[in-house]
Amino acid sequence: MSLWSSLFRKKRRKGRQPPVLESKRHDKKHHPTFGGHTASADTKKRSTRVKSKMPVYPRYRKGRRASFFAFIGSLVRYGIIAAIVLLAWFSWGLPNIEDLNKFTKAPSILIKAEDGQIIGSSGDIYGDYVTYEQLPVSLIDAVIATEDRNFYYHFGIDPVGLIRATAANISAGRVVQGGSTITQQVAKNVFLTPERSMGRKIREMLLAIKLEWRFSKNDILSIYMNRIYLGAGSYGIDAASKRYFGKPAHEMTLSDSAIIAGLLKAPSRFSPTNSPTLARERADQVLVNMHDAGYLTKEQSDKAREELTKSMNSGKKNAKSALYFSDWILDQLPEYIANVEEDIVVTTTLRTDWQLLAEKSISEALEKEGETYNIQQAALLSLTPDGAIRAMIGGKSYGESQFNRATQSLRQPGSSFKLFVYLAGLEAGLTPNSLVEDAPISIPVHRGTWQPKNYTGRHLGTITLREAVTDSINTVAVQVSEMAGVDRVINVARRLGITSNLDPVPSIALGATEVSLLELTTAYAHLAANGALVTPYGISEITNTDGKLLFRYQPTRTGRALSGGVVSMMNDMLMSVVTSGTGRGAQFGRPVAGKTGTTSDYKDAWFMGYTPNLITGVWVGNDDNTPMKKVTGGMIPARIWKSFMAEAMVNMPAQGIPTQDIDTGDAPLPWQGSAPEYPQQPSQPIRQGQGNELKLGPSFWDKLLR
């Protein structure tokens, strides 16, 4: 046997060796009962060997059990100590809950449409505080049945509900149920951040227990219903009831309560103003929950389900696109009031019914023709002759882009800028019947010449000014601009509200500049206002929540921008654009005047039109300036304009657009040094060599030949 084997065997034997009793009194051969004789040496040797192998197992097992239980006891002791330390750690710095029902908040701004409907807000909007006794019983039942059925039986944490939710989530492989009680939701919403972490969850549970110890169940439920967010910028049951149903919380019906309780799961998703279908489905589920929990009979549940439609329609549908207008209003508020330290209500000029019509017209046009013609964006702005903005669409979708293309975007107006060119010409002495020459022209510019082209590529020869406007002849517009003077064209544009940069270059006659839709639509509004100054505005008045008046709109600009005679002649020409020219697509059965606009590379297309009651401008194009597929202002923009105006004006009596001078006279206006000089021979066309006969200042051809 090797040395290694010997050592190994000894180690094994030693390792398996049980304890040995030294006493012989348990040896049968030495016990008096078993004979009392003395054993032989061999017998004694064998007996000792057997005796040495006999284990005493009870004592051996008892030692192992004792060690095990001692280990478990240590774990429990240290676990309790660790838990106490951990709870102390998370309890340290918990917020004070004594003033839970007394809260402060930043001043809020509530923005309303003309009819009182809320279209936007800033800050947290809270309604009146509603005590538990004032809460509708149906609402209490709906909330408990849906959110926390054991609310009146747990101590702030519901272990059974937590286990049930965990099992459901594991079974589904995703989060389908929440285990938080109403008390935990109060703790989270009022005191804690929405972060998802174990530390926040532990603090939430500790706070829930603390709240249950300090407040009654009814108090906690009342606090919950007054502080919870319920969508559309509304916090608390009273604000939500007024927002969705137009009535205070204590007047809510059973079906109203089902809708509100359904919002608690996901306020924005199940808002009846944002997603009526989802809101209805969720309210149905709440009624099922109330029936299962024993709060409703089947008959009561069925009746409430039938009344859901009435509740859904009690609040007016909100146009999501109104947020473009709401943002525009918020940006202006510092100009009207400053250092706001109280909640305020801003009443605006927006008409929600017209806003919905505008939204519908834009969305339908882009959905139907956007892909075909490579149109990704559109904007619309509508105002009345007094400057009140009634509808504003800043883009295809506010959710996708908050950039307002009606007020912030500067685009080339194309031929719609010719309004200022022809107004300058009329003020300089032209009339709609003045004869002009549509022929190729060439104008000296820096390091060369510029030769404007007509859209059709053809020339009509001698035509009237009216015909030139009707068919949007480029060469004639440039001639008129050069005759009247580019500076005069810019002066007219400034008078009519164009504030963007305007370069005094010949190409400005064809819209080679950039303006906003708001500026351009306002300019055309001066014609509907018969030449009176028009300043666009959106705020009617501002009050605090108690009704104290802080601001009321008063026109800051008065007077006239255009003479009545010039307005009548311009109306005459712009009406012909719609009746027989490039804007024929805008006809809808009543007198309309307007002008199309298209850039040469098809990056922008416009239609600006008006009646005596309403002025509307439409723009279509792409944010990245990629060209559309040969879209002109007389196509999609004119059709969008027609779709909106036809429905917006359906209940308005048709009125004629003045085409005769209704002014008190043709006395010179402040910007004119003398009365306008009219052509002595209006039937003669403007040709080379005849410019001096009209005495319109430096003639076009004089400038051309310099």
Side-chain angles (χ1 to χ4, degrees), residues 413 415-436 464-469 473 476-498 502 504 506 508-511 513 519-520 522-534 557 559-577 593 595 608 610 657-682 684 686 691-700 702-703:
S415 294
S416 59
F417 194 85
K418 292 176 181 176
L419 169 72
F420 311 112
V421 173
Y422 288 113
L423 284 173
L426 294 175
E427 287 185 352
L430 293 176
T431 71
N433 294 322
S434 295
L435 297 179
V436 291
T464 64
L465 198 67
R466 181 186 296 105
E467 291 173 317
V469 175
I473 304 300
V476 173
V478 173
Q479 291 182 57
V480 172
S481 175
E482 291 297 305
M483 285 190 305
V486 173
D487 290 340
R488 174 172 271 178
V489 173
I490 293 176
N491 177 269
V492 172
R494 295 291 185 218
R495 273 189 271 134
L496 301 190
I498 302 297
L502 300 175
I508 195 174
L510 304 184
T513 187
E519 291 176 291
L520 200 55
T522 302
Y524 278 81
H526 288 80
L527 299 174
N530 190 35
L533 284 169
V534 177
R557 295 176 65 198
R560 303 186 62 79
L562 299 168
S563 68
V566 168
V567 169
S568 296
M569 289 187 287
M570 198 71 235
N571 286 341
D572 175 78
M573 293 189 290
L574 292 181
M575 288 181 67
S576 67
V577 172
K595 186 71 185 75
M608 315 301 298
Y610 59 95
I657 297 176
T659 56
Q660 300 295 324
D661 183 9
I662 58 174
D663 199 20
T664 55
D666 286 322
L669 295 174
W671 60 88
Q672 296 173 321
S674 59
E677 293 181 349
Y678 290 94
Q680 300 298 316
Q681 297 177 348
Q684 298 298 316
I686 301 175
N692 292 332
E693 298 176 5
L694 301 180
K695 296 182 180 179
L696 298 175
S699 70
F700 164 73
D702 286 340
K703 292 182 180 181

Return the minimal non-hydrogen interatomic distance between [X] and [Y], and the atom names on each side.
X    : Y    : result
D572 : R466 : OD2-NE, 2.6 Å
N571 : P658 : ND2-O, 2.8 Å
V421 : V480 : O-CG1, 3.7 Å
L527 : L423 : CD2-CD2, 4.5 Å
P413 : G511 : CD-O, 3.3 Å
V577 : V469 : CG2-O, 3.6 Å

Between [Y] and [X], is there a side-chain heavy-atom distance shorter than 4.5 Å?
X    : Y    : result
V492 : Y422 : no
R494 : L502 : yes
T464 : P432 : no
M569 : T659 : no
V436 : E467 : no

How long is the straight-line distance from [atom2] of [Y] back to [atom1] of [X], given to the nearest 0.5 Å?
X    : Y    : atom1 : atom2 : result
I508 : F420 : CD1   : CZ    : 9.5 Å
E519 : I498 : CD    : CD1   : 4.5 Å
M573 : L465 : CE    : CG    : 5.0 Å
N491 : L496 : CG    : CG    : 9.5 Å
Q479 : I473 : CD    : CD1   : 11.0 Å
H526 : L419 : NE2   : CG    : 10.5 Å

Steps toward side chain to side chain contact (heavy atoms under 4.5 Å, CB included) verdict (F417, V489): CA-CA 10 Å; F417 194 85; V489 173; 4.1 Å; yes
Any side-chain to backbone donor/acceptor pair from [X] onto [Y]? Under 3.5 Å, distance only.
X    : Y    : result
R560 : N530 : yes
S481 : A477 : no
Y524 : S416 : yes

By side chain to side chain donor-acceptor pair (under 3.5 Å) - contacts of T522 (at least two apart):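 Not a single residue meets the side chain to side chain donor-acceptor pair (under 3.5 Å) criterion with T522.
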